[in-house]
Q: 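Below is the structure I would like to discuss, written out as structure tokens.
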Amino acid sequence: MQLDLNLLTALDALLEEGSVAGAAARLHVTPPAMSRSLGRIRKATGDQILVRTGRSMVPTTRALAMRAQVHALVQQAHQLLSAQQELDLAALDRVFTVRWHDALTAACGTALIAAAHRRAPGVRLRLSAEPGTDDAELRRGEVDLESSAGTPALPDIRHRLVGRDRLVVAVRPGHPLTEGPLSLERYAAAEHLTVSRRGNLRDPIDDALSTHGLERRVAAAGPTAAFALQLALETDLVVTLPDAVTRTAREQLGLATLPLPVPLPDVPLYLLWHQRYDDDRAHTWLRDLATDTIRALFAPPPDAQQPLSEEAGR
């Protein structure tokens, strides 16, 4: 059965106005056109809908029974197809999946959840573990917002730069590297720990050292920044990590932080989402809230007079 949904609008007008002429004027069509629509409605419903009584028309029993439902359907259709209304955060009921790398989640996941709950109590956030660089989940809508150190290769994945972090060296208190200036040679001679979900024992630091004719020994690879920092606290292993996103964790563990003697560019931090959400006001609110939360990490800390902290972030 083929349905012309325009007939719902015509039926709503006929039931509201109680006349063909009134419904025609309301919808800005001619009375003959509205009369033809009434004929089609009668055929589709098997009911007269409006019957003449003297000089006026009155709705049938079935028309009276369906009037409220027809009006509600027409209003819902208008809301569905019209431009988006202003976002009502207090009434927003939605679940978002956010996939960030572990250090970023540890650094500001709590702040994001607290801010979202405070402004939109009906919103629920799922902070998902980062399994890898799988843009397919963004494309399938399984992940709403993702973090990345690089821009996406796919044209339908949007990205926003939210900060730039520099690498620093973390070691246990009293580590030999804390005694005196940290030279390139002393850094390379130490035993190191990399952070890699895939267990890689080599990263760009090794390439940078090789340009200076140096090679470091990587004794272990840890899957998360939290694991690497804990291992650095309990051993003489040296871990090199982004400064801003691990600052709180390093301070809580009491680790010593040293400047990286290897010249390397800052590490960019991007938020990624699929283009289907470009005009989604609720998603726009979420990514703006996430942007503000992350950028707070890169603000100068209270002890900004210390040279190491001044350079952290953007």
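Index from 1, following the sequence.
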Q: Considering only residues two or more places apart or on different chains, which pairs with a residue in residues 50-59 satisfy side-chain hydrogen bond (donor to acceptor under 3.5 Å, both in side chains)?
A: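 side-chain hydrogen bond (donor to acceptor under 3.5 Å, both in side chains) check on residues 50-59 returns no pairs.
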Q: Salt bridge or not for Asp203 and Arg216, using N-O below 4.0 Å?
A: yes
Q: Residues in side chain to side chain donor-acceptor pair (under 3.5 Å) with Gln275, at least two apart?
A: Arg158
Q: Work out which heavy atom in Leu177 is nearest to a heavy atom in Ala190; give both atom names and the distance.
A: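 Heavy atoms of Leu177 and Ala190 come nearest at CD1-CB, 4.0 Å.
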Q: Run Cys108 and Leu104 through side chain to side chain contact (heavy atoms under 4.5 Å, CB included) and show every step you take.
A: CA-CA 6 Å; Cys108 59; Leu104 184 61; 3.7 Å; yes
Q: Name all residues meeting the side-chain contact (heavy atoms from CB on, under 4.5 Å) criterion together with Arg118; count only those two or more places apart in sequence or in a different chain, and write none if there are none.
A: Ala114, Ala115
Q: Mind checking what makes side-chain contact (heavy atoms from CB on, under 4.5 Å) contact with Ala249, not counting sequence neighbours?
A: Leu229
Q: If you compare all heavy atoms of Arg295 against all heavy atoms of Val162, which two are closest, and at what distance to 0.1 Å?
A: CG-O, 3.1 Å
Q: Counting only heavy atoms from other residues, nucleotides and ligands, does the tally under 6.0 Å from CD of Glu142 exceed 12?
A: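 Buried by this count: over 12 neighbours within 6.0 Å.
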Q: How long is the span from the CG atom in Leu127 to the CG atom in Leu145, to the nearest 0.5 Å?
A: 10.5 Å
Q: Going only through I, L, V, M, F, W and Y residues with side-chain contacts under 4.5 Å, is there a path from Leu193 to Leu209?
A: no
Q: Sequence neighbours left out, what passes side chain to side chain donor-acceptor pair (under 3.5 Å) with Ser183? Give chain and number order.
A: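 Partners of Ser183 under the side chain to side chain donor-acceptor pair (under 3.5 Å) test: none.
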Q: Could you tell me whether His212 atom NE2 has more than 12 heavy atoms of other residues or ligands within 6.0 Å of it?
A: yes
Q: Quick one: pull up CZ in Arg281 and CG in Leu92 and give me the separation to the nearest 0.5 Å.
A: 13.0 Å
Q: On a heavy-atom basis, which atom in Leu237 and which in Ala219 lie closest, and how many Å separate them?
A: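 Answer, listing the atom of Leu237 first, then Ala219: CD2-CB, 3.7 Å.
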Q: If the threshold is 4.0 Å, N to carboxylate O, is there a salt bridge linking Asp144 and Arg287?
A: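 So Asp144 does not pair with Arg287 through a salt bridge.
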Q: Once side chain to side chain donor-acceptor pair (under 3.5 Å) is applied, do any residues pair with Thr9, and if so which ones, sequence neighbours excluded?
A: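 Counting only residues at least two positions away or on another chain, Thr9 forms no side chain to side chain donor-acceptor pair (under 3.5 Å).
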Q: Can you list every pair that meets side-chain hydrogen bond (donor to acceptor under 3.5 Å, both in side chains) and has a residue in residues 218-241, with sequence neighbours left out?
A: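 Found Arg172-Asp236, Tyr187-Thr240, Gln230-Glu234.
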Q: Crowded around Gln69 CD? As in, over 12 foreign heavy atoms under 6.0 Å?
A: no
Q: Taking all non-hydrogen atoms of both residues, which atom of Pro259 and which atom of Leu182 are closest, and how far apart?
A: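 Looking at all heavy atoms of both residues, the shortest contact is O-CD2, 3.6 Å.
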Q: Rounded at 0.5 Å granularity, tell me how far NE2 in His71 sits from CE in Met66.
A: 15.5 Å
Q: Quick test of your reading: applying side-chain hydrogen bond (donor to acceptor under 3.5 Å, both in side chains), list the pairs with at least one residue in residues 32-49, sequence neighbours left out, ordered by first then second residue.
A: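 As it turns out, the side-chain hydrogen bond (donor to acceptor under 3.5 Å, both in side chains) pairs with a partner in residues 32-49, which skip direct neighbours, are Asp4-Arg40, Asp47-Thr60.
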Q: When you measure from the side chain of Asp165 to the backbone N and O of Ala244, does any donor-acceptor pair fall under 3.5 Å?
A: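 Yes.
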Q: Grab the two heavy atoms, one from Ala225 and one from Leu241, that are nearest each other, plus how far apart they are.
A: CB-CD2, 4.4 Å
Q: Going by the rule side chain to side chain donor-acceptor pair (under 3.5 Å), which residues pair with Asp93 if we only count those two or more places apart in sequence or in a different chain?
A: none
Q: Once rounded to the nearest 0.5 Å, what's the spacing between atom CG of Leu264 and atom CG of Leu167?
A: 6.0 Å
Q: Find the distance between CH2 (Trp285) and CZ (Phe96) and round it off to the nearest 0.5 Å.
A: 6.5 Å
Q: Return the CG to CG distance between Leu15 and Leu64, rounded to the nearest 0.5 Å.
A: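 Those atoms lie 8.0 Å apart.
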Q: Kindly indicate, with the supporting measurements, whether the criterion salt bridge (Lys or Arg N to Asp or Glu O under 4.0 Å) is fulfilled by Arg250 and Asp243.
A: CA-CA 9 Å; Arg250 296 194 319 269; Asp243 178 31; 2.7 Å; yes
Q: Tell me, please, which residues at least two apart from Pro268 pass side-chain contact (heavy atoms from CB on, under 4.5 Å).
A: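 Pro268 satisfies side-chain contact (heavy atoms from CB on, under 4.5 Å) with Leu161, Arg164, Tyr270 only.
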Q: Partners of Ala296 by side-chain contact (heavy atoms from CB on, under 4.5 Å), sequence neighbours excluded?
A: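 Applying side-chain contact (heavy atoms from CB on, under 4.5 Å) to Ala296 gives none.
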Q: Under 4.0 Å between a side-chain nitrogen and a carboxylate oxygen: does that hold for Asp156 and Arg276?
A: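 So Asp156 does not pair with Arg276 through a salt bridge.
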Q: Please confirm whether the backbone N or O of Thr194 pairs with a side-chain atom of Arg202, one donor and one acceptor, at under 3.5 Å?
A: no
Q: Please name the pair of heavy atoms, one in His274 and one in Leu138, separated by the smallest distance, quoted to 0.1 Å.
A: CB-O, 3.5 Å
Q: Is Val218 isolated, or which residues cluster with it under the ILVMFWY side-chain rule of less than 4.5 Å, directly or via members?
A: Leu201
